[in-house]
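These figures come from a predicted structure and were not determined experimentally. A, B, ... follow the sequence lines: proteins, then strands. Residue 1 opens every chain.
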Amino acid sequence: MYRSQRLAIKYLTAAIALFGIMVVAGLMSAYHYIHPNFLFGVLDFNIAKILHINTLVIWLLMGFMGAIYWFLPEEFNIEPVGIAAAELLFYVFVAAVAIVAVVFIFVQYGGSNLLSMWFINQGRKFVEAPRWAALGIVVIMLVFAYNVIGTAIRAKKLTGIMGVLIIDLVPLLVLYLDAFSAQTNMSQDLFWWWWLIHLWVEATWEVLIGCILALALMSVLGTSRRIVETWLYIEVALVMGTGILGLGHHYFWIGTPQYWLNIGGFFSAFEPLPLLGMVVHAVYDAGRHQMKTTNRPAFFWIMAEAFGNFLGAGVWGFMITLPQINLYAHGTQWTVSHAHFAFWGAYACAVIGVFYLVLQKVRGSAMFDGVAWRWAFALLNIGLVGMVGGLLLSGYAQAFVERALGGSTHEAFMLGQQNPSFAAGMNARFIFGLLFAAGYFVLVYDLIRLGKRVSLRTADAVTV
Amino acid sequence: VQIEDPKFWRAGAISIVVVMMVVLAMLTIDTLSVIDAGGSHVPAYTVINQNVGYKFDEGRGIDAPTIGGEERLFGRVYGQQDAAALITKGKLVIQSRACIDCHTFFGVGAYYAPDLTKAWLDPGWNTWKMITAADSREEAMVRFLMDPVRYRIFERAMPNLHLSRDEAEAVVAYLKWMAAVDTNGFPANFGRRSAGR
């Protein structure tokens with residue numbers, strides 16, 4: 001095993017741990033809606049939410065990095081360059097995440113000065129981490145880019161997938177520089193902030209996961225490189241063709257010109273297309289190989305990714321993306337329903353697929369299957385879909401009562417929150433959240449045991 | 001080059017990305033001029049010295065901000081620099097207390113607490129004027145922000161974020177400026193209807 005692959009295992013292990021913290025923080029945020037006095041003044045909703053969404057970003061990012069560090073030497077057939085620096089930075093990354101989490105939980109706020117921005121909380125959604133930590137992420141991403149690009153140069157070869165990955169790393173890094181902003185003008189602040197959030201989540205991350213899935217499909221199903229690379233280019237064309245100007249669906253109401261209503265509505269209406277393409281690709285490949293695989297959990301999670309991405313990001317996003325509907329759906333639990341489904345479908349399922357794929361290689365099992373992973377798969381997916389359904393119900397009630405009927409005042413907001421359908425949706429979200437959490441524990445149990453158990457059984461059989 | 005050849009699709013992908021990026025760059029240049037403070041959609045910070053409203057615009061068919069005559073904030077008239085300094089302070093308070101992780105600004109943020117896009121114009125401040133025994137909307141807002149737990153009216157309350165008087169005033173000024181931003185009609189029907197009546 002290459003050193004880079006040992007580093008990959010560390011990243012994936014850290015990702016699983018942070019996934020767990022995200023679940024706990026999510027359950028806390030969900031519980032706040034049901035019992036607003038829960039930890040009031042001690043750990044308020046905003047801190048729980050910050051922990052929830054930041055661990056989401058970090059565990060997925062670590063999952064992506066782990067996946068790339070795993071496949072990198074296999075793509076180039078050499079030990080990637082600069083791995084010693086990357087190994088050191090892994091520990092810096094983990095320590096920084098821990099320090100930031102402790103500061104969020106125990107310090108929470110600073111004064112209205114730049115010192116707070118640098119050391120406590122930047123208070124911008126998804127990029128709340130103080131600037132010193134954001135600077136650390138820039139350094140980590142720079143070294144990550146050096147590992148990939150440097151290896152390609154040393155190996156004197158460039159596969160199509162790695163070419164796409166290298167080009168994708170540029171916007172991934174450049175866009176993140178907005179994480180340091182404290183612009184006074186909220187319209188300008190949000191204008192650039194959406195470049196970071198939208199063009200990460202709906203463009204560069206989609207391409208990154210496209211690269212990872214291309215590598216995973218070759219590994220799990222033995223699909224030919226020519227096919228996955230063709231599909232990857234088609235996906236890049238469609239994701240960027242619809243997603244770059246699809247950015248406009250975030251520019252409806254933030255002070256930006258009215259022409260964004262048409263541009264954003266038009267292009268984002270086509271954003272499900274590449275995701276539908278991924279479903280076709282996955283189903284086609286699965287059928288072509290008659291679903292024969294030596295790693296059933298990885299295969300199922302990759303399939304879940306294709307369908308989840310299309311439904312969660314594509315269909316659920318389309319529901320709220322046209323301006324005539326978004327005027328009422330904007331900033332409600334409807335958005336939350338879409339966000340949960342999309343992040344899960346587009347990214348989380350794929351990263352879990354990578355966990356299994358790597359684990360099979362690590363444990364050296366010829367066949368990866370069992371019972372526990374099916375339970376984890378069912379509990380996590382049913383839990384997630386249940387949460388999405390609950391949030392959708394709440395979102396409909398909120399859009400109707402608060403926005404359409406009430407005109408979005410403070411009183412209308414509170415009436416929306418007290419609406420019986422809204423409350424029922426929130427209760428359902430929490431209950432299905434518990435189911436999801438149970439699924440997480442089964443997943444962790446399975447990841448610890450799978451393969452080990454199989455080899456033990458084989459050993460027993462041999463002994464008998 | 002044949003259609004089955006990955007190179008065909010690679011060329012297509014590169015062309016599409018380049019075209020879309022050029023279009024986005026052009027739109028960005030235009031948009032930045034519109035959303036600059038003092039641009040056609042976003043008022044200068046000195047708008048805090050004027051009356052700010054929100055009315056249905058017959059011509060555009062959507063709700064739009066109205067900016068009227070002088071209406072002092074905290075009994076003062078702010079010069080250009082003072083207004084900019086106050087609004088800058090307000091933004092730093094908003095970021096340092098992570099307001100956006102409970103509230104939304106222009107509908108962006110978290111959904112645990114009310115949207116603040118037009119909070120300056122919220123009819124609810126009349127209730128808080130009575131509760132806080134304040135003689136003006138801005139004074140009621142300051143008193144509420146400095147001790148939100150004391151003036152809570154719903155079970156779901158805002159925690160005390162330990163704002164100083166200066167910080168609370170800066171936030172109020174920020175909200176007044178923000179209410180004057182033209183948001184293409186979001187939120188619709190603000191303050192004109194009252195749910196449940």
Taking the six-membered ring for Trp, are [X] and [Y] ring centroids under 6.0 Å apart?
X	Y	answer
B:Phe186	B:Phe190	no
A:His250	A:Trp195	no
A:Tyr251	A:Trp260	yes

Given that the side chain runs from C-beta out, which part of [X] has a heavy atom under 4.5 Å from chain B: side chain, backbone, both or neither?
X	result
A:Trp231	neither
A:Trp192	side chain
A:Ile120	neither
A:Ser112	both
A:Met186	both
A:Asp44	side chain
A:Thr335	side chain
A:Lys125	both
A:Asp189	side chain
A:Ile254	both
A:Phe267	side chain
A:Phe413	side chain
A:Gln183	backbone

Does any non-hydrogen side-chain atom of B:Ile100 lie less than 4.5 Å from one of A:Trp193?
-> no
Would you indicate whether A:Tyr33, at its atom OH, is surrounded by more than 12 heavy atoms from other residues, nucleotides or ligands within a distance under 6.0 Å?
-> yes
Under 4.5 Å, heavy atom to heavy atom: which of [range] reach chain A? Give them by number, or say none.
range	result
residues 148-162 of chain B	B:Val149, B:Arg152, B:Ile153, B:Phe154, B:Glu155, B:Arg156, B:Ala157, B:Met158, B:Pro159, B:Leu161
residues 64-78 of chain B	none
residues 164-176 of chain B	B:Glu167, B:Tyr174
residues 40-50 of chain B	B:His41, B:Val42, B:Tyr45

Between B:Thr104, B:Thr88, B:Val181, B:Thr127, the one whose heavy-atom pairs under 4.5 Å with chain A are most numerous = B:Thr88
Say whether B:Asp30 and A:Tyr259, considering side chains only, have a donor N or O and an acceptor N or O under 3.5 Å apart.
-> yes
Audit row: B:Arg143, B:Glu139, salt bridge (Lys or Arg N to Asp or Glu O under 4.0 Å) steps and yes/no | CA-CA 6 Å; B:Arg143 289 183 190 181; B:Glu139 185 57 29; 3.0 Å; yes
Quick one: of A:Trp253, A:Tyr328, A:Tyr109, who has the most non-hydrogen atom pairs under 4.5 Å with chain B?
-> A:Trp253
